[in-house]
Amino acid sequence: MKYEGIIIRPPSEAASLILQVTVGCSHNKCTFCPAYKAKQFRVKTLQEIFQDIDEAAAETAEKVRRVFLCDGDPLIIPQETLLSIASRIQERFPRLLRIGVYANAKSILRKSVSELRELQENRLGILYLGLESGDPITLELVKKGVTAEQMIEAAAKVREAGIKLSVTVILGLGGRQRSLLHATETMRVLNKMKPHHVGALTLMLVPETPLYRLQETGGFILPEPFELIQELRAMLAESQLENCLFFSNHASNYLPLKVRLPHDKERVLREIDSIVKAQDERLLTPEFLRAL
Ligand code: SF4
């Protein structure tokens, strides 16, 4: 397998075979995101991708149950090429159960529901989509390049095609000024997107990003740890999600939670309230253990 640069995958794909079909991110403009800044976006050639699949299959054909396609936005690849990749994966890994992929809302919207369903029939089982915030002003400030309405529309297509949807949101992204608004607007959009999973991360500012530089000049203030916990509470309090698993167990978070919605909602809100009331930092993940 030939990987170019640093490879990123969702925590839930830890046991998957990681297949790099694109290099970098097609958007690459989000002001908080350090992920692919050093990479010039390109789609790998079919020859390169097939070679990687065949090499991996020569070693682990019978063991692979899940394959995760990265880097950013593999759905930008034309449908026929994507189907060829999915077919090759299925041929070479006979015990395959699922293909997962990072998705960009614009690329989802460029596909019809029947094209997405065709991918689902070829084992595309889960899409990971970064909403980050449902607050329109925050989305614009961080240059996400997609509106909340486009996110909702893309999610509806994914669900209609029978593909599982996992959505990422980022605590702290609205800064101190928009903190609670960011939380409630984000859940307002999530309620409409109806994802199967939500993964909450907590913003960690990385030096080479524009948002870090904005913070240095006083244009952005990151909320304090207990303010971020309040944000998490405000987000969960607005939830009307059904059959959704809400996680905040990413290493960046101060309070790792796994919440089955709506079942666990009231219990978790009470737990958060008691933590906020105590204001005891020992109840939070220590700073040195946090990571992206
Ligand atoms: S957050 Fe996602 S879309 Fe934005 S630059 Fe990073 S990888 Fe690309």
Side-chain angles (χ1 to χ4, degrees), residues 8-10 13 19-37 39-44 49 68-86 99-120 122 124-170 173-174 182 185-186 188-199 201 209-211:
I8 297 165
R9 54 139 181 90
E13 298 287 342
L19 179 66
Q20 190 179 30
V21 296
T22 59
V23 178
C25 165
S26 58
H27 177 60
N28 216 11
K29 292 190 179 77
C30 301
T31 63
F32 58 88
C33 174
Y36 302 116
K37 291 287 181 274
K39 293 183 182 181
Q40 175 73 41
F41 182 74
R42 74 177 181 97
V43 176
K44 281 190 165 182
I49 296 167
F68 180 70
L69 306 184
C70 66
D71 287 339
D73 200 15
L75 287 191
I76 204 168
I77 298 173
Q79 183 74 355
E80 287 311 312
T81 311
L82 264 182
L83 288 171
S84 308
I85 296 167
I99 298 172
V101 65
Y102 276 135
N104 172 305
K106 280 188 179 162
S107 294
I108 295 171
L109 291 173
R110 269 187 224 112
K111 297 222 177 277
S112 65
V113 173
S114 57
E115 283 177 321
L116 290 169
R117 198 170 289 129
E118 203 174 13
L119 293 170
Q120 187 269 343
N122 281 276
L124 179 59
I126 187 162
L127 291 182
Y128 297 87
L129 177 62
L131 166 65
E132 332 301 7
S133 176
D135 172 29
I137 293 176
T138 298
L139 281 176
E140 213 175 302
L141 287 174
V142 301
K143 299 191 167 42
K144 184 67 193 170
V146 182
T147 65
E149 279 60 41
Q150 285 174 306
M151 296 281 189
I152 294 166
E153 205 186 322
K157 280 182 131 176
V158 173
R159 281 187 287 103
E160 198 181 336
I163 301 171
K164 205 174 251 187
L165 180 63
S166 181
V167 175
T168 305
V169 301
I170 305 180
L173 196 62
H182 157 62
E185 285 296 289
T186 298
R188 182 188 65 79
V189 173
L190 286 172
N191 285 336
K192 292 185 179 166
M193 291 176 82
K194 301 186 178 67
H196 301 86
H197 301 157
V198 176
L201 280 67
T209 59
L211 197 55

Cys30 vs Val142 side-chain heavy atoms within contact, under 4.5 Å: no
Any ion pair linking Lys157 and Glu160 (charged N to carboxylate O, less than 4.0 Å)? no
Near Lys39 NZ, under 6.0 Å, is it more than 12 heavy atoms from other residues, nucleotides or ligands? yes
Is a side-chain N or O of Lys194 found less than 3.5 angstrom from the main chain of Arg159, in a donor-acceptor match? no
Which atom pair, heavy atoms only, marks the closest approach of Val189 to Ala148? CG2-CB, 3.8 Å
How long is the span from the CG atom in Asp73 to the SG atom in Cys25, to the nearest 0.5 Å? 6.5 Å
Please report the closest heavy-atom contact between Lys111 and Gln79, naming both atoms and the distance. NZ-OE1, 3.1 Å
Derivation and outcome, side chain to side chain contact (heavy atoms under 4.5 Å, CB included), residues Ile76 and Val43: CA-CA 9 Å; Ile76 204 168; Val43 176; 4.2 Å; yes
Strictly distance-based, threshold 3.5 Å: is any side-chain N or O of Ser84 a donor or acceptor partner for the main-chain N or O of Glu80? yes
For Glu13, the side chain to side chain donor-acceptor pair (under 3.5 Å) test, sequence neighbours excluded, returns Ser16, Arg98, Tyr128
Hey, does Val169 have a side-chain heavy atom less than 4.5 Å from the side chain of Val198? yes
Glu153 vs Glu149 side-chain heavy atoms within contact, under 4.5 Å: no
For residues His197 and Lys164, determine if any side-chain heavy atom of one lies less than 4.5 Å from a side-chain heavy atom of the other. yes
State, with a plain yes or no, whether a side-chain heavy atom of Leu69 is found less than 4.5 Å away from one of Ile77. no
Lys37 atom NZ, over 12 foreign heavy atoms within 6.0 Å: yes
Can you find a pair of side-chain heavy atoms, one from Lys144 and one from Gln150, that are under 4.5 Å apart? no
So, taking the atom named CD1 in Ile152 and the one named CG in Leu190, what distance separates them when rounded to the nearest 0.5 Å? 9.0 Å
To the nearest 0.5 Å, tell me how far Leu116 CG sits from Ile108 CD1. 7.0 Å
About how many Å separate OG1 of Thr168 and CG of Leu129, when rounded to the nearest 0.5 Å? 8.0 Å
Minimal heavy-atom distance between Ile99 and Asn122, with the atoms involved, is CD1-O, 3.7 Å
Quick one: does Thr22's side chain have a donor or acceptor within less than 3.5 Å of a partner on Asp71's backbone? yes
Close side-chain approach of Ile170 and Phe32, heavy atoms under 4.5 Å: yes
If we only count heavy atoms from C-beta on, is the Leu75 to Leu82 side-chain gap below 4.5 Å? yes
Mind checking the CD1-CD1 spacing from Ile126 to Ile163? Nearest 0.5 Å is all I need. 10.5 Å
